[in-house]
2 protein chains.
Amino acid sequence: MIDHHAASPDMELIVHGPSGRNKPETRLWLRMLSTTRLITNEIRRRLRSQFGATLPQFDLMAQLYREEAGLRLGELSRRTMVTNGNITGLVERLEADGLVKRTTHDQDRRVTVAKLTPAGIDRFLLMAAAHEEWLRELLQDAGDEAVQSLWVNIGYLKASVSAHLSGEEAE
Amino acid sequence: MIDHHAASPDMELIVHGPSGRNKPETRLWLRMLSTTRLITNEIRRRLRSQFGATLPQFDLMAQLYREEAGLRLGELSRRTMVTNGNITGLVERLEADGLVKRTTHDQDRRVTVAKLTPAGIDRFLLMAAAHEEWLRELLQDAGDEAVQSLWVNIGYLKASVSAHLSGEEAE
DNA sequence: CTTTGTTATTTTAAGTTTAAACTATATGGT
DNA sequence: ACCATATAGTTTAAACTTAAAATAACAAAG
């Protein structure tokens with residue numbers, strides 16, 4: 001039986017109740033989280049069904065596409081939100097699929113550089129175009145003003161959060 | 001060497017580049033996604049360090065707290081964005097910690113109902129209070145208007161996305 | 001040189017995730 | 001009762017995740 005309902009659209013209500021009892025920050029966060037998950041899951045689903053790819057794979061390929069010469073694995077990790085140890089397996093799988101090629105650096109044999117293959121470039125371009133179109137489709141009813149306003153205000157949100165992180169990673 | 005940089009604050013820029021070349025919908029999505037991950041990771045970190053709990057555990061307990069009589073596992077799955085198969089292990093771990101109790105339904109032996117124990121209720125109340133305070137702290141610089149505006153506009157976003165999901169789950 | 005430290009990547013262990021298959025139980029039509 | 005079908009929950013397989021330890025290569029100080 002097929003049954004992946006992990007992100008039903010009315011999630012926020014179901015999950016968090018009427019939510020009138022929460023503080024504004026909490027209400028916003030619950031709504032933002034549920035919306036993000038809704039979109040993420042939808043994109044994940046489409047990437048998988050239409051391209052047999054996962055979201056982290058797409059992220060990684062987007063990075064490599066941006067750097068024609070390829071990137072060392074540590075740099076890839078930094079740019080993709082994927083932890084160091086995780087890059088290894090991710091790149092291995094992409095290499096097995098012929099989308100990425102690994103080469104060892106000449107001067108420094110510790111370094112491995114990953115680079116998209118021509119097939120990888122083709123595949124990425126297809127996925128990127130679809131990804132852009134999916135977002136246009138999914139957000140089409142929100143209105144251009146809302147999209148613009150959200151972009152600005154989420155910027156403020158992000159700045160505030162960045163300034164109050166507990167770890168050493170605040171900039 | 002310790003090295004978990006998976007969510008540095010300037011992620012959006014690093015990850016997605018100047019992003020001026022993207023369509024507004026894509027730009028918004030990348031910013032929204034990176035901000036959500038920033039907050040999620042911070043809350044996950046705090047839940048873990050201060051309560052030894054994971055985010056899915058917190059979500060699940062929030063649901064059970066809301067329903068005094070407890071919930072069947074399928075209903076829990078629907079309400080928590082946790083897929084069916086995942087509920088099993090999650091509830092198992094919480095039961096092992098004495099925070100949740102499982103009982104089999106009398107009439108329908110397929111059904112299992114999960115319910116918070118008194119210890120579970122105590123624990124949840126502590127976590128919920130901290131969670132609310134963390135959000136207030138993290139979002140404090142964003143401004144009340146931005147928070148209010150975001151709440152409204154993300155509502156539109158969510159409605160649009162819900163209306164255009166590919167699966168059968170659109171309502 | 002050789003010890004000490006640093007950097008790049010891989011490996012490991014524990015746990016989470018999704019999607020799909022499986023088991024057991026119930027229900028409904030005949 | 002019997003069979004098809006639906007439902008509740010569990011299990012499985014593959015991918016991903018974090019955190020930490022391990023390996024390997026380089027760098028530099030004495």
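Sequence lines set the chain letters: A, B, ... in the order given, protein chains first and strands last, and positions in each chain run from 1. This is a predicted model, so every value here is computed, not measured.
- Protein atom CZ of A:R72 is 12 Å distant from nucleotide atom P of C:dT7, rounded to whole Å.
- Note: CD1 (A:I43) to C1' (C:dT18) measures 16 Å, nearest angstrom.
- Across the protein-nucleic acid pair, A:N84 atom CG and D:dA19 atom P stand 12 Å apart, rounded to whole Å.
- B:I154 and A:R31 get closest at one heavy-atom pair: CG2-CG, 3.7 Å.
- Remark: the B:S34 side chain and the A:K158 side chain contain an N/O donor-acceptor pair separated by less than 3.5 Å.
- Considering all non-hydrogen atoms of both residues, A:L157 and A:M32 come closest at CD2-SD, 3.7 Å.
- Taking both residues in full, the closest heavy atoms of B:M127 and B:A53 are given as SD-CB, 3.8 Å, listed atom of the first, atom of the second, then distance.
- Counting only distance, with no hydrogens or angles, the side chain of B:T117 and the backbone of B:L99 share a donor-acceptor pair below 3.5 Å.
- The side chain to side chain donor-acceptor pair (under 3.5 Å) pairs that include a residue from residues 125-135 of chain B are A:T26-B:E132, B:E133-B:R136, where partners are two or more places apart or lie in different chains.
- If you check C:dT18, C:dT16, C:dT10 against the side chain of A:L73, the one that comes closest is C:dT10.
- Residue whose closest nucleotide on DNA chain D sits further toward the 5' end, between A:R109 and A:P56: A:P56.
- Summary of the strand contacts: B:Q107 and A:R48 both lie near DNA chain C, and taking for each the nucleotide with the nearest heavy atom, the more 5' one is attributed to A:R48.
- Following rounding to the nearest Å, A:L55 (CG) and C:dA19 (P) show an atom-to-atom distance of 12 Å.
- Across the protein-nucleic acid pair, A:D108 atom CG and C:dT7 atom P stand 12 Å apart, rounded to whole Å.
- In this structure, NE2 of B:H105 is placed 17 Å from P of D:dT7, rounded to the nearest angstrom.
- One interatomic measurement links the two molecules: CG of A:L76 to C1' of D:dC16, which rounds to 16 Å at whole-angstrom precision.
- Of all the heavy atoms in B:H164 and A:L138, the pair that sits closest is O-CD2, 3.5 Å.
- Residue A:Q57 places at least one side-chain N or O closer than 4.0 Å to OP1 or OP2 of D:dC16.
- When each of D:dA15, C:dA19, D:dA25 is scored by its nearest atom to the side-chain atoms of A:R110, the top-ranked nucleotide is D:dA25.
- Listed in residue order, the members of residues 85-104 of chain B having a heavy atom less than 4.0 Å from DNA chain D are B:G85, B:T88, B:R102.
- Phosphate contact (OP1/OP2 of D:dA8, side-chain N/O of B:T112, threshold under 4.0 Å): absent.
- Atom P of nucleotide C:dA19 and atom CG of A:L47 are separated by 12 Å, given to the nearest angstrom.
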